[in-house]
Amino acid sequence: MGTETKAEKKQIIFSGMQPTGVLTLGNYIGALKNWIHLQDNYHSLFCIVDLHSITLRQDPAVLRKRSRELLMQYIAAGLDPEKNIIFYQSHVPAHSELAWILNCYTYMGELNRMTQFKEKSEKNEANINAGLFTYPVLMAADILLYQADLVPVGDDQKQHLEITRDIAQRFNNIYGEVFTVPEPYIPKVGARIMSLQEPMKKMSKSDDNENAYIGILDEPNRIRNKVKRAVTDSLGVISYNDDQPGVKNLLNIYCSLRGETVESALSHFEGKGYGDLKKEVGEAIVDELTPLQDRFKELEKNKDYIDQIIKTNGEKANQLAQRTLQKVQRKVGFPSRI
Ligand code: ATP
Ligand code: LTN
């Protein structure tokens, strides 16, 4: 990327999200917010992983709409489409091509151990398709195609990063240094924001209960109400421990958004009740998300601008992806094009 010398060479970041619904506060704190912080110091690619999303059945019109809205949410949150490459996975055929090749360097036993596969198959017994099984291989292809050094994700993606590293190392052991072996980047606080209704469960955009999650485009009063209704406990003391998962979750949200440590938050809330905690958490969320929501509304009016981003960024991603793909094709022995 660019003409910089080796000493000043910026590292590469890759990450992505599925266009399976409006982003939640969990996606925002666990991933997107960190992308914003990291974007200045890295060459970054942020993908809308639409190929991954069809491992569960999607309505075509809804998928198209959500993909575009996800791209706009990335930009509204503060990702700069001039500095970063923001693009649709399906616009870069190399993802599927590399995934096929990597499938042949991945063992069934490894994929069988993936907890996400087990969870998703249990939830969707009627549609346990091969794509769901090989999902991590496509994810490895996403990352390795761009020689990413760092992958900022929430805690639930750790296992997928480990298999990506294993596949990369296995391939490099056979063919030489083809792939950069990527490192996960998982935030210390907020890597796993929990459901507001069942705080032992991860906050998820596909939860049937809308009160369980905050959508990043939820109206301010809706946000305040959802936080007010959040499940806590009957102890009535604000402290940070696993026996009070609801309170712990609210503190994690507060700390991530206000940039405070757990210690300083605990001394701030000393002597206060759950009502105060919920009120302040609600305000912290509203303060954080209001500017994002305003920018989103602006972007919605600007169709041509978004179209142009999709086109130019897709082209840039294609160019970069081709470099790695062609190298891989050569290494495995495919004939060169004349
Ligand atoms: P779904 O519930 O539909 O499976 P999801 O909400 O888990 O989706 P993904 O698109 O799978 O969303 O995840 C996008 C990014 O957000 C990933 O980096 C993931 O680790 C992170 N993430 C998802 N949920 C949370 C959460 N509750 N807390 C922190 N990070 C999260
Ligand atoms: N599986 C990820 C989404 C994803 C991803 C990636 C994240 C697909 N490809 C590459 C980081 C890097 C998830 O969050 N469910």
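Read the numbers this way: they start at 1 and go in the same order the structure lists the ligands and their atoms. Computed from heavy atoms alone, side chains included, the values below leave out hydrogens, waters and symmetry copies.
For Lys205 and Tyr213, the positive end is not near the middle of the six-membered ring at less than 6.0 Å and at most 45° from its axis.
A salt bridge links Glu283 with Arg224: the distance from a Lys NZ or Arg NE/NH1/NH2 to an Asp or Glu carboxylate oxygen falls below 4.0 Å. At a threshold of 4.0 Å, the pair Glu298-Lys301 counts as salt-bridged, since one of the basic side-chain nitrogens sits closer than that to a carboxylate oxygen. With respect to the salt-bridge test (charged N to carboxylate O, under 4.0 angstrom), the residues Glu280 and Arg258 do not qualify.
Taking the six-membered ring wherever Trp is involved, the centroid distance between the rings of Tyr88 and His95 does not fall below 6.0 Å. A distance of 6.0 Å or more separates the ring centres of His43 and Tyr146.
Using a 3.5 Å distance cut-off with no hydrogens or angles, the side chains of Asp50 and Ser90 do pair a donor with an acceptor. For the residue pair Tyr107 and Asn112, no side-chain donor N or O sits within less than 3.5 Å of a side-chain acceptor on the partner.
Protein residues having a heavy atom under 4.0 Å from any atom of ligand 2 are Phe14, Ser15, Gly16, Gln18, Val49, His52, Tyr135, Met139, Asp142, Ile143, Val151, Val153, Gln157, listed by chain and number. Protein residues lining ligand 1, listed by chain and number: Met17, Gln18, Thr20, Gly26, Asn27, Gly30, Ala31, Lys120, Val153, Gly154, Asp156, Gln157, Gly190, Ala191, Arg192, Ile193, Lys202, Met203, Ser204, Lys205, Ser206 [non-hydrogen atoms, distance under 4.0 Å].
Taking every heavy atom of both residues into account, Ile163 and Pro136 meet most closely at CG2-CB, 3.9 Å.
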